[in-house]
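Encoded as structure tokens, the structure appears first; notes follow it.
The shown structure was predicted, so the numbers you read here are calculated from the model rather than taken from an experiment. Whatever order the structure lists ligands and atoms in, that order sets their numbers, starting from 1. Only this structure's heavy atoms are used, side chains among them; waters, hydrogens and symmetry mates stay out.
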Amino acid sequence: MHGANGSALSAQPPRLLGPAQIRGLAAELGVRPTKTLGQNFVHDANTVRRIVATAGVDESDRVLEVGPGLGSLTLALLGAAGSVEAVEIDPVLAARLPETIAEYAPAQQDSFDVITADALRISASDLSGEPTALVANLPYNVAVPVLLHLMSEVDSLRTALVMVQAEVADRLAAEPGSRVYGIPSVKARYFGRVSRAGAVGRNVFWPEPKVESGLVRIDRTDDYPRDAQERRRVFEVIDAAFAQRRKTLRAALAGWAGSPVEAERRLRAAGIDPSARGERLGIADYVALAQTALP
Ligand code: SAM
């Protein structure tokens, strides 16, 4: 049987990068990892294998990877997926990747593509194919915006499995009423089911980050409209409700609705108690609420 990349399943699997290879590549490129770009490179083969297994990608998947860095996760992905398209903002790292892939995954090199770009600014038309799965060790300072942006922009994505800061993973997967339930928790649910998918320690990275990491998974369900305008309307009311999360919704949404009276009318129309707080509402409530704003 042949995969989407045209290679036999028995093709030589990619070799993975360990600490020595990561240091070697970084030294050759003169890379000094920057915090601004969230550059913490994974140098542990078991971790990248685990991420790929948890993502559950197979030969039928076209993977979108954000921030491939030196290629640790990319190589593991190429051993399982049909193809990988990577988006890397750092031109030095992006330029070296094809060579690394050719060296460590010669049988899969034709299934790999990289574009030098900011993942926050790309749209589906910038990609050469239609990716089915997002798998990434995301740069921590822009992890949530990147995840939401790509789930919004790239309709073909069915699943996302991303590594983020543990605290952000908890936040994304939190349920209404939880202390850490917030804007990312609600918005992520617009796209589908969200779940924690494991913890990752600091020592698998170079350099070691100050915080623990966690894996989060989104399985797209298409419960809510894909239309960008509709989504913006829903996200607007979520932002308003959480901007003043200690206030009742009647007060917190006064600005969004135009007045506390109109906020109350809309809340009642959506079947929501006006004295409740935003942290108690699920995504379905926010979608219903946004609809009450329509003429
Ligand atoms: N995937 C690699 C690994 O696991 O070793 C590197 C992960 S590192 C946490 C994040 C990567 O994202 C870095 O390579 C960084 O240059 C890149 N990056 C940072 N901001 C980005 C952005 N806005 N768009 C695309 N890539 C970005």
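Evaluated by nearest non-hydrogen atom to atom 22 (C) of ligand 1, the leading choice among Thr47, Asp118, Leu73 is Asp118.
Contact check on Arg158 versus Asp222 returns a salt bridge, with a Lys/Arg side-chain nitrogen under 4.0 Å from an Asp/Glu carboxylate oxygen. Residues Asp239 and Lys187 are paired through a salt bridge, judged by an N-O separation under 4.0 Å between the basic side chain and the carboxylate. Classification of Glu279 and Arg179 as a salt-bridged pair fails, no side-chain N sitting under 4.0 Å from a carboxylate O. Classification of Arg250 and Glu262 as a salt-bridged pair fails, no side-chain N sitting under 4.0 Å from a carboxylate O. Between Asp227 and Arg231 no salt bridge is recorded (no basic side-chain N to carboxylate O distance below 4.0 Å).
Those atoms of ligand 1 with a heavy atom of Asn40 less than 4.0 angstrom away are 7 (C), 8 (S), 9 (C). Listed by number with element, the atoms of ligand 1 under 4.0 angstrom from any heavy atom of Glu65 are 1 (N). Shown in contact with Val87 at under 4.0 Å from a heavy atom are these atoms of ligand 1, numbered in order with element: 25 (C), 26 (N). Distances below 4.0 Å separate heavy atoms of Ala117 from the following atoms of ligand 1: 24 (N), 25 (C). Those atoms of ligand 1 with a heavy atom of Gln39 less than 4.0 angstrom away are 13 (C), 15 (C), 16 (O). Close approach of ligand 1 to Pro68 (heavy-atom distance below 4.0 Å) involves ligand atoms 1 (N), 2 (C).
In this structure, the protein non-hydrogen atom closest to atom 20 (N) of ligand 1 is Pro139 CG, 3.5 Å. Nearest protein neighbour of atom 6 (C) of ligand 1, counting heavy atoms only, is Gly67 O, 3.3 Å. The shortest contact between atom 14 (O) of ligand 1 and any protein heavy atom is with Glu88 OE1, 2.8 Å. The protein heavy atom nearest to atom 27 (C) of ligand 1 is Ile89 CG2, 3.4 Å. Atom 3 (C) of ligand 1 has as its closest protein heavy atom Asn137 ND2, 3.5 Å. The protein non-hydrogen atom at the shortest distance from atom 9 (C) of ligand 1 is Gly38 O, 3.0 Å. Of the protein's heavy atoms, Val42 N, 2.8 Å lies nearest to atom 5 (O) of ligand 1. Nearest to atom 24 (N) of ligand 1 among the protein's heavy atoms is Ala119 N, 2.9 Å.
Remark: the Glu65 side chain and the Thr74 side chain contain an N/O donor-acceptor pair separated by less than 3.5 Å.
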Verdict with supporting geometry, Glu130 and Glu85, side-chain contact (heavy atoms from CB on, under 4.5 Å)
CA-CA 10 Å; Glu130 296 196 338; Glu85 181 162 13; over 6 Å; no
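For Tyr190 and Phe235, the gap between ring centers is short of 6.0 Å.
Note: Leu157 CG to Arg220 CZ = 6.0 Å, rounded to the nearest 0.5 Å.
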